[in-house]
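Treat the numbers as computed from the prediction; the structure is a model and nothing was measured. Both backbone and side-chain heavy atoms feed into the values below; hydrogens, waters and symmetry mates do not. So you know, we letter chains A, B, ... as the sequences are listed, proteins then strands, and number each from 1.
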2 protein chains.
Amino acid sequence: MAGNTKERLLDSSGELFRRQGYMGTGVKQILAEAGAPFGSLYHHFPGGKSDLGAETVRRSGFLYGLLLGEFAGPEVELAGGIRAFFAGAAGTLRETDYADACPIATVALEVSSSDEEMRQACADVFNAWIEGGTARFELAGIPHARARTLVIQMLAALEGAFVLSRALRSTEPVELAGEASVASIEAALAA
Amino acid sequence: MAGNTKERLLDSSGELFRRQGYMGTGVKQILAEAGAPFGSLYHHFPGGKSDLGAETVRRSGFLYGLLLGEFAGPEVELAGGIRAFFAGAAGTLRETDYADACPIATVALEVSSSDEEMRQACADVFNAWIEGGTARFELAGIPHARARTLVIQMLAALEGAFVLSRALRSTEPVELAGEASVASIEAALAA
DNA sequence: GTCTATAGAAGGATAGAC
DNA sequence: GTCTATCCTTCTATAGAC
């Protein structure tokens, strides 16, 4: 049960960070959401909020990377998998009233110039996505350098589309970013 | 001098929001930065922080739109202007230690699911950028629907590249996003 | 009508009861 | 070793002195 509490804390903070960011989420809110008593936070995360925050970012980022892998894994055709992923992201936005987009983007922007430990956690996640994506694109026959470029452009398109879609409350940006990414990938596959 | 204080407050909050976001910036910090006494905030912005916040977003967004227009205005060749804008954004990131990117993106992600007034201010800015950009692209001979699509894809690429570049402390994402955007625009111009 | 002092709530963190 | 009660700080906002 003790290990369960730690997982619930990470789950709750992950959900709240995604919607409200790091600065906008209080530890009391996280504890209430997790149904955990106050002291348990400092039992499981001696470093307090920043400790929990860094581990939340790494965990949420890892899980989101897995989700991307489920849509565009080696067993499916690459361009079709990416197309499905963007379509799924647009659907999730609609279903959650534009709340659930990238789990770490808000935090990344908030901490990049003020909290080096948290910034590093975000950077580690993005680098893992880039490396994992590059390997997947190479498996489809795209040369390494081109694969890496395409992945970074795709992730940028996705993250920026999330910013626009959430603010505009429209899935149009995510859909258009998906189309652009798929087109680039198909061009690279045809080359 | 009174009007000057209001402008200084907007300037200070704009700078701080860009680096730390809305939630991470306290009104006392804004006042200290502007060299203004505490009461002046509520004199110029009766609604308090959210009042100042919304006006800051609209003003910062308007000014950033002007900057974009300076780089890619009607008097310069479109693709070259866009290329120069992304190069300038990368240069600014390097010069400011990856602090100065989009003035409203952090705020937009923070407030999109929690503060409707602020979210609307961000949406108004993004819509103005989209409309202004679409008009500029049409002037270069690109049909309306295609122009609008290209602008949204370009803005998404820019915003997402800022997220990655700030977290990774590398201008690579911004540079690659610029290349992708320029290539799309050149393809549309050639069609 | 400019500014200071303070209120009242919420923030993160800790000490210690059990 | 789980949880509660409390501490100190910081937050936004207001009241009122001058």
Side-chain angles (χ1 to χ4, degrees), chain A residues 1-57 106-107 109-111 113-119 121, chain B residues 1-57 106-107 109-111 113-119 121:
Chain A
M1 278 299 178
N4 216 326
T5 296
K6 184 170 183 178
E7 286 230 349
R8 283 210 315 282
L9 284 173
L10 287 167
D11 285 346
S12 298
S13 60
E15 285 292 309
L16 292 167
F17 286 177
R18 189 201 287 246
R19 289 171 163 78
Q20 313 172 335
Y22 180 69
M23 300 296 197
T25 303
V27 295
K28 291 179 182 173
Q29 191 182 5
I30 296 169
L31 289 160
E33 185 90 3
F38 200 91
S40 66
L41 196 164
Y42 296 91
H43 174 70
H44 294 292
F45 302 95
K49 188 186 183 184
S50 66
D51 200 346
L52 167 64
E55 193 157 336
T56 296
V57 164
T106 310
V107 178
L109 285 180
E110 284 179 294
V111 304
S113 300
S114 54
D115 187 323
E116 179 57 21
E117 180 194 0
M118 289 286 292
R119 194 220 105 229
Chain B
M1 275 302 178
N4 214 325
T5 296
K6 185 171 183 178
E7 286 230 347
R8 283 208 315 281
L9 285 172
L10 288 167
D11 284 344
S12 298
S13 60
E15 286 291 309
L16 292 167
F17 287 178
R18 187 200 289 247
R19 290 170 163 79
Q20 313 172 336
Y22 181 69
M23 300 296 196
T25 304
V27 295
K28 290 182 181 172
Q29 191 182 8
I30 296 170
L31 290 160
E33 186 90 3
F38 198 91
S40 66
L41 196 163
Y42 296 89
H43 174 69
H44 294 291
F45 303 93
K49 187 186 183 184
S50 65
D51 200 345
L52 167 64
E55 194 158 335
T56 296
V57 164
T106 309
V107 178
L109 286 180
E110 284 180 295
V111 304
S113 299
S114 54
D115 187 324
E116 179 57 19
E117 180 195 1
M118 288 286 293
R119 193 220 108 230

Handout entry: Contact check, side chains of B:S40 and B:L31, non-hydrogen atoms, under 4.5 Å
Key = yes
Completion exercise
Sequence neighbours excluded, the answer for side-chain hydrogen bond (donor to acceptor under 3.5 Å, both in side chains) partners of B:D11 is B:R59
Exercise for the section: Could you tell me the separation between the CG atom of A:L109 and the OH atom of A:Y22, rounded to the nearest 0.5 Å? Expected result: 15.5 Å
Problem - Reported CZ-to-OG1 distance for the pair A:R8 and A:T5, which is rounded to 0.5 angstrom - result: 4.5 Å
Practice task
Using atom OH of A:Y42 as one end and atom P of D:dT6 as the other, report the distance to the nearest whole Å.
Solution key: 18 Å
Handout entry: N/O (side chain, A:H43) to phosphate O (OP1/OP2, D:dT2) under 4.0 Å
Key = yes
Practice task
Round to a whole Å and report the spacing from NZ of B:K49 to P of C:dA10.
Solution key: 15 Å
Handout entry: Interatomic spacing from NE2 in A:H44 to CG in A:L10 - rounded to 0.5 Å
Key = 9.5 Å
Fill in the blank from the handout: Sorted by number, residues from residues 12-41 of chain B placing a heavy atom under 4.0 Å from DNA chain C are B:P37, B:F38, B:G39
Exercise for the section: Can you tell me the distance, in whole Å, between the CZ atom of B:F45 and the C1' atom of D:dT12? Expected result: 16 Å
Problem - Side-chain donor-acceptor pair present, B:S114, A:Q20, cut-off under 3.5 Å - result: no
Completion exercise
Between NE2 of B:H44 and P of C:dC3 the distance, given in whole Å, is 9 Å
